[in-house]
Trainee: 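The following block contains the structure, expressed as structure tokens.
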Amino acid sequence: MIKVSIIGSGNVAQHLIHAFANENNIEILQVFARNPDDLIDIINPNKIVSDFKYLQKVDLFIIAVSDNSIIEVSAKIPFENCLVAHTSGSIDLNVLNSKNRKAVFYPLQTFSKTKKLNFKEIPICIEAQNSRDYSIIEYVAESISNNVQKIDSKQRKALHVAAVFVCNFTNHLYQVGNEICNENNINFEILKPLIQETANKILLLSPKEAQTGPAKRGDSQTINEHLKFLKNENQIGIYILLTKSIIDNGKKL
Ligand SMILES: NC(=O)c1ccc[n+]([C@@H]2O[C@H](COP(=O)([O-])OP(=O)(O)OC[C@H]3O[C@@H](n4cnc5c(N)ncnc54)[C@H](OP(=O)(O)O)[C@@H]3O)[C@@H](O)[C@H]2O)c1
């Protein structure tokens, strides 16, 4: 049985608590939360601590706090030579406080507290400073996911940038589409089969093969009509930038 404690009570921490709760070989000993009310419905209140001094030694501490607080929080763990992993896509392993052994446990997915996920399908990118610690992280990751991958800090940073493009920017474009629908009294629901098919198609085709639309076809009249239609400067800027990127990409071999 591996004992794990989680620090944080946000999106990732809550999903990890649910995922580990279903595993017999992992015990969540404690969860640190500045605000215990965040976790009251999802874990035994006796396991919640709000002061670092009440943390007990475990096989692995998982820090799931905002990127900006990882350095500060890792320094507050009141032990030495324990294994400590953070869950960030963009933060280097080395920023963790040197009094403990450092690792990374980065689940590559978009987590919101209110949206359930099947953790078994979520890639977990792991990294550790030595093979013994790697084995511990790997064991914990494989207990909740069928897709565990060794990814170093440099690769993870690249992955995170790619993830911002395919997830965060794409979602922002949904928001722009939603605004355009609202301004024209159209229910955004009508676009959902298109959104769904766009995501499904990428499972079978490369992004370049899957690209359609006026920029891909070189339909300059349609592009100019769209630019005349748009009134919002921000939307015009995004349209021009992405159109140029699609046209330039089409010219590449
Ligand atoms: N959300 C995702 O989709 C996702 C995906 C993969 C990886 N990650 C990574 O996972 C980590 C957590 O992300 P998240 O989305 O779960 O964030 P989140 O929902 O915003 O939660 C952040 C948590 O950090 C706590 N916290 C912040 N500063 C703290 C401090 N100084 N001391 C103690 N606790 C502190 C917050 O406590 P309060 O509530 O008290 O402020 C909150 O519990 C980040 O490193 C992020 O990059 C996120």
Side-chain angles (χ1 to χ4, degrees), residues 4-21 28 30-43 45 47-55 58 60-79 84-97 99-100 102-128 137 140-141 144-145 147-149 151-172 174-175 199:
V4 175
S5 286
I6 296 171
I7 302 178
S9 55
N11 296 307
V12 171
Q14 293 197 17
H15 277 275
L16 285 176
I17 291 168
H18 287 301
F20 288 131
I28 299 184
Q30 294 175 308
V31 180
F32 174 93
R34 288 196 294 202
N35 184 3
D37 289 346
D38 288 348
L39 302 177
I40 217 78
D41 294 329
I42 67 167
I43 194 159
K47 294 192 173 217
I48 307 172
V49 296
S50 300
D51 190 323
F52 285 91
K53 72 180 179 202
Y54 296 124
L55 283 175
V58 283
L60 172 64
F61 287 98
I62 299 181
I63 299 181
V65 303
S66 350
D67 290 351
N68 286 347
S69 301
I70 291 173
I71 294 177
E72 174 197 334
V73 164
S74 75
K76 286 183 176 167
I77 293 176
F79 302 109
V84 175
H86 72 65
T87 59
S88 172
S90 57
I91 302 293
D92 201 280
L93 166 139
N94 286 315
V95 311
L96 290 166
N97 194 286
K99 67 184 177 178
N100 284 306
K102 308 172 188 187
V104 176
F105 190 97
Y106 167 51
L108 208 180
Q109 187 49 281
T110 170
F111 296 95
S112 298
K113 288 172 205 164
T114 48
K115 171 73 175 61
K116 277 193 180 168
L117 285 168
N118 177 4
F119 229 101
K120 291 281 175 204
E121 293 170 356
I122 299 174
I124 304 183
C125 306
I126 56 169
E127 182 182 1
I137 289 282
V140 173
I144 54 172
S145 166
N147 187 353
V148 175
Q149 300 197 30
I151 300 280
D152 67 28
S153 285
K154 193 169 167 226
Q155 291 171 313
R156 189 162 35 80
K157 193 165 276 184
L159 250 182
H160 192 240
V161 173
V164 167
F165 274 93
V166 303
C167 170
N168 306 139
F169 290 171
T170 303
N171 192 69
H172 180 68
Y174 296 158
Q175 199 181 328

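Counting starts at 1 for both ligands and their atoms, following the listed order. Note that the numbering runs from 1 along the sequence shown for the chain.
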Trainee: Rounded at 0.5 Å granularity, tell me how far CD1 in Ile7 sits from CD in Gln30.
Mentor: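 The distance works out to 9.5 Å.
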
Trainee: Suppose I only count heavy atoms of Phe32 and a 4.0 Å limit; which atoms of ligand 1 are within that range?
Mentor: 33 (C)

Trainee: Can you tell me the protein heavy atom closest to atom 28 (N) of ligand 1 and the distance?
Mentor: Ser69 OG, 2.8 Å

Trainee: Does Lys157 NZ have over 12 foreign heavy atoms under 6.0 Å away?
Mentor: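 Check fails, neighbour count at 12 or below.
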
Trainee: Go through ligand 1 atom by atom and flag the ones less than 4.0 Å from a non-hydrogen atom of Thr110.
Mentor: 3 (O)

Trainee: If you measure every N or O of Tyr106 against every N or O of ligand 1, does any of those distances drop under 3.5 Å?
Mentor: no

Trainee: Where is the nearest protein heavy atom to atom 6 (C) of ligand 1: which residue, which atom, and how far?
Mentor: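 Protein heavy atom at minimum distance: Pro107 O, 3.2 Å.
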
Trainee: Return the set of residues passing side chain to side chain contact (heavy atoms under 4.5 Å, CB included) with Gln109 (not counting sequence neighbours), or none when no residue passes.
Mentor: Phe111, Leu117, Ile122

Trainee: With atoms numbered from 1 as shown, which atoms in ligand 1 lie under 4.0 angstrom from a non-hydrogen atom of Val73?
Mentor: 30 (C), 32 (N), 33 (C)

Trainee: Using only atom types and a distance under 3.5 Å, with no angle test, would you say the side chain of Arg156 pairs donor to acceptor with the backbone of Ser88?
Mentor: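 Checked: pair present.
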
Trainee: To the nearest 0.5 angstrom, please state how far the CG atom of Asn147 sits from the CZ atom of Phe119.
Mentor: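 Rounded to the nearest 0.5 Å, the CG-CZ separation comes out at 11.5 Å.
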
Trainee: Between NZ of Lys76 and CZ of Phe52, what distance do you get to the nearest 0.5 Å?
Mentor: 5.5 Å

Trainee: Record the part of Lys76 in heavy-atom contact with ligand 1 below 4.0 Å; permitted values are side chain, backbone, both and neither.
Mentor: neither

Trainee: Kindly compute the distance separating CD (Glu72) from CD1 (Ile63), expressed to the nearest 0.5 Å.
Mentor: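 Separation between the atoms: 10.5 Å.
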
Trainee: What protein heavy atom lies closest to atom 13 (O) of ligand 1? Include the residue and the distance to one decimal.
Mentor: Val12 CG2, 4.0 Å

Trainee: With respect to atom 33 (C) of ligand 1, which of Glu72, His15, Arg34 exhibits the smallest heavy-atom separation?
Mentor: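 Ranked by closest heavy atom to atom 33 (C) of ligand 1, first place is Arg34.
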
Trainee: For a side chain to side chain contact (heavy atoms under 4.5 Å, CB included) check, start with the C-alpha distance between Gln14 and Leu39, then their side-chain angles and the critical distance, and finish with the verdict.
Mentor: CA-CA 8 Å; Gln14 293 197 17; Leu39 302 177; 3.9 Å; yes

Trainee: Short check: is a protein heavy atom less than 4.0 Å from atom 20 (O) of ligand 1?
Mentor: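 Given the 4.0 Å limit, the answer for atom 20 (O) of ligand 1 is no, no protein heavy atom qualifies.
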
Trainee: Out of all atoms in ligand 1, which are within 4.0 Å of some heavy atom of Ser66? Include the element for each.
Mentor: 22 (C), 24 (O), 27 (C), 28 (N)

Trainee: At under 4.0 Å between heavy atoms, is it the side chain or the backbone of Ser9 that contacts ligand 1, or both, or neither?
Mentor: both

Trainee: Just so I know, are the side chains of Ser74 and His86 near enough to count as touching, which here means a heavy-atom distance under 4.5 Å?
Mentor: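 Side-chain contact under 4.5 Å: no.
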
Trainee: What protein heavy atom sits nearest atom 10 (O) of ligand 1, and how far off is it?
Mentor: Thr87 OG1, 2.9 Å

Trainee: As an exercise, identify every atom of ligand 1 less than 4.0 angstrom from a heavy atom of Ala64.
Mentor: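 This gives 12 (C), 23 (C) as the contact atoms.
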
Trainee: Of all the non-hydrogen atoms in the protein, which one sits nearest to atom 39 (O) of ligand 1, and at what distance?
Mentor: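 Of the protein heavy atoms, Asp38 OD2, 3.8 Å lies nearest.
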
Trainee: Is there a polar contact between ligand 1 and Gly10, counting only N or O atoms under 3.5 Å apart?
Mentor: yes

Trainee: Below 4.0 Å from ligand 1: does a non-hydrogen atom of His86 turn up there or not?
Mentor: no

Trainee: Using a cut-off of 6.0 Å, state whether more than 12 heavy atoms not belonging to Tyr54 lie near its atom OH.
Mentor: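 Check fails, neighbour count at 12 or below.
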
Trainee: Taking only heavy atoms of Gln109 into account, list the atoms of ligand 1 that are under 4.0 Å away from them.
Mentor: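 Once the distances to Gln109 are compared, the set is 3 (O), 5 (C), 6 (C).
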
Trainee: More than 12 foreign heavy atoms under 6.0 Å from CD1 of Ile40: is that the case here?
Mentor: yes

Trainee: Please compare Asn68, Val31, Ile124, Asp67 and report which has the shortest non-hydrogen distance to atom 45 (O) of ligand 1.
Mentor: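 The nearest heavy atom belongs to Asp67.
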
Trainee: Considering only the protein, which heavy-atom contact is closest to atom 12 (C) of ligand 1, and what is its distance?
Mentor: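 Here the nearest protein heavy atom works out to Val65 O, 3.5 Å.
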
Trainee: For atom 1 (N) of ligand 1, which protein heavy atom lies nearest, and how many Å away is it?
Mentor: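 Among all protein heavy atoms, the one nearest atom 1 (N) of ligand 1 is Phe111 O, 3.4 Å.
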
Trainee: Rounded to the nearest 0.5 Å, what separates atom CG in Leu93 from atom CD1 in Ile126?
Mentor: 12.0 Å

Trainee: Rounded to the nearest 0.5 Å, what's the gap from CG on Asn100 to CD1 on Ile77? Could you check?
Mentor: 6.0 Å

Trainee: Identify the protein heavy atom lying closest to atom 15 (O) of ligand 1, giving its residue, its atom name and the separation to 0.1 Å.
Mentor: Asn11 ND2, 3.3 Å

